[in-house]
Amino acid sequence: MNPAATALIAEDEPLLAEALRADLARQWPELQVLAMAGDGQQAVELALAKQPTLCFLDIRMPGLSGLEAARALAEDWPDGPHFPLLVFVTAYDQYALQAFDAQAVDYLLKPVDSARLAACIARLQRTLATRQGAAQELQASVEQLRALLGAPATATSVPRLEMIQAQVGATVHLVPVSEVIYFEAADKYLRVVTAEREHLIRMSLRELLPQLDPNVFWQVHRGTVVQARCIASARRDESGKAFLSLKGRAETLTVSRLYAHLFKGM
Amino acid sequence: MSSLHPPLPGALAAAGRNTWRRASAQLVRGGAMVLVLNLAIATLLTVGGLGRFVSNLVVSMCIGLVCWLIIDGGRHVVAVLRDRWRVARGLPPGHPFGFPGWHWLLALCALGLVLGPILGNLMAAQLTGDHIPGMWPFSGSGTGMTWLLTLLASAIAVLTLSLRERLSHARADAEAARRAAAENQLKLLQSQLEPHMLFNTLANLRVLIGMDPPRAQAMLDRLIAFLRATLSASRSALHPLGTEFERIGDYLALMGIRMGSRLQTQLSLPAELQAVGVPPLLLQPLVENCIKHGLEPKVAGGRIEVNARRDGDMLELSVLDSGVGLGANAQPGDSRFGLQQVRERLHTLYGSHATLVLEDVAGGGTVARIRLPLDA
């Protein structure tokens, strides 16, 4: 078996985080818990910095959800080290659980009972004992996450957005969605980029996405959505990422591992 | 009471089937009524020595059918035309098979009374081949008799059938209202017993049992009190504001163990308002919204304040959070259900005297303010 396994626990409820740590210490004494995160963003930063073998991710957390944190981690994970094995933790998420079962993703249900945790640990240990190449494992995780993120839990029909209203001071600029080349998340704002200029709107990509036609606007990164007809070319590199040249803009956009499959020769 | 949601395609199809069933039921009832009345008229005339039964029956059936066609058919034509008129002006259509109003009904009856005997007699003459002088085969006085009998029969038919229909409408409306109320009750219960909240609370209790049994016991007591209030919360009965604050306190204490230092709370209820009656768990959806939409998305957490105060003869209840505010979660979702449900309960109990407003707080956060009359 590999050198001592390490773990990160991401759970916003302090008692539950502490309890999971204590249960793991009892049932898997060799496991070293490297870090505890109280929200999704912190979980991504700590996991990238400490590179643990395992990540226990609560699904509902402030900031980023567990799934979003996993996506960010898969997008930013460096080439070389093994991608962590992911275990999602949830109190109740019917739809997510069905997807986890379908993708054979590990998960724990809260309250976590000892027998279920023991079974989960045994499975993780088996996986660790038969580790494959890091690149191969990362690819497998990326495919799992792509499937999980591709099936949104809520299928509410939201009307399509036609016009962006971007406020600058006392003026509201009207930008037809069809003229937008790409949207890019910037902290609490969204950059709305057209051929001529760009605007900032107070909206998250998570709120915007359901209002866009997915055939017209393609998500290419957790923070970027681009209008497909404005893409001139895509260049892939060895790490699985790709770079887009645009019609009407000089800058290039990065396509993350999770979305690189969108760009393949016919 | 009408549903707030647009009908689903399935519901429309069901309504269509229903419409057909009701249309055929009406046709059968109307036909039976015409048949029975005309049998009675023909029998009366025959017994009274005025002509043969068969020709009396043919004549009265012809008159009856013409009257039925004019009055009942005319009523539907009026209803359809009026619906078109309403829809063209953006108004909701009336009931299918609606009552057209007494003035329309009277006008149609008058038309039936004039045309019924004339056309009916002509029809009967064609059918039997009898020569019918004027209006009626036997005597000059028969004309007046025909009008009278037609008037009586029409009045009986119209009154019986329209009363019956109005009754069945009232029953259908009451049934729809009952169903809507039951549905709302279920939604309320589901929102209060949100499985995510319940299982996370139980997970925390499970940990506390091992770590701090007395605290676990206290928390369990609070969970029990909250669950009991949730399950017995009726939509109409009132409970004292003091009890309401205790239950909100239970809920916040449970959320408090879950969120730890991310949640601070403050409840303030002046002693003189303790006994005021309020609908049970009225504030719970508002507090839940504060947590779910205000504080949960905020990494640092924040505080929730629940206050009651007297303002003249009004009671003002406010639920305030220092969370992310309204702008950040403008997407429609279950948050709306919570507010809608509070509004509906207020409306049912206090009509337009109670209000609920939701607004941003300067410096971040949201406040929900309920005002309701104290003397209610």
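Please read all numbers here as calculations on a predicted model, not as lab measurements. In what follows, chains carry the letters A, B, and so on, assigned in the order in which the sequence lines appear, proteins first and then strands, with residues in each chain numbered from 1.
- Environment of NE2 in A:H173: crowded, with over 12 heavy atoms of neighbouring residues, nucleotides or ligands closer than 6.0 Å.
- Taking every heavy atom of both residues into account, B:R206 and A:D113 meet most closely at NH2-CA, 3.8 Å.
- Residue B:M197: no heavy atom, backbone or side chain, is found under 4.5 Å from chain A.
- Between A:Q41 and B:V299 there is no side-chain heavy-atom pair separated by less than 4.5 Å.
- Heavy atoms only, all atoms of each residue included: A:P14 and B:G260 are closest at CG-CA, 4.0 Å.
- Of the atoms belonging to B:I257, heavy atoms from both backbone and side chain fall under 4.5 Å from chain A.
- Counting non-hydrogen atoms of neighbouring residues, nucleotides and ligands closer than 6.0 angstrom, the CD atom of A:E162 reaches no more than 12 such neighbours.
- Between B:H196 and A:Y92, the shortest heavy-atom contact is CD2-O, 3.6 Å.
- Taking chain B as the reference chain and counting heavy-atom pairs below 4.5 Å, the highest number among A:M203, A:E13, A:M61 is found for A:E13.
- Counting heavy-atom pairs closer than 4.5 Å to chain A, the top residue among B:K298, B:R262, B:E194, B:M211 is B:R262.
- Using a 4.5 Å cut-off on side-chain heavy atoms (C-beta onward), A:R60 and B:N200 make no contact.
- Closest approach of B:V207 to A:L15, counting heavy atoms only: CG1-O, 3.9 Å.
- Around atom CD of B:Q217, no more than 12 heavy atoms belonging to other residues, nucleotides or ligands sit under 6.0 Å away.
- Taking a 6.0 Å sphere around CZ of B:R84, one finds it holds 12 or fewer heavy atoms contributed by other residues, nucleotides or ligands.
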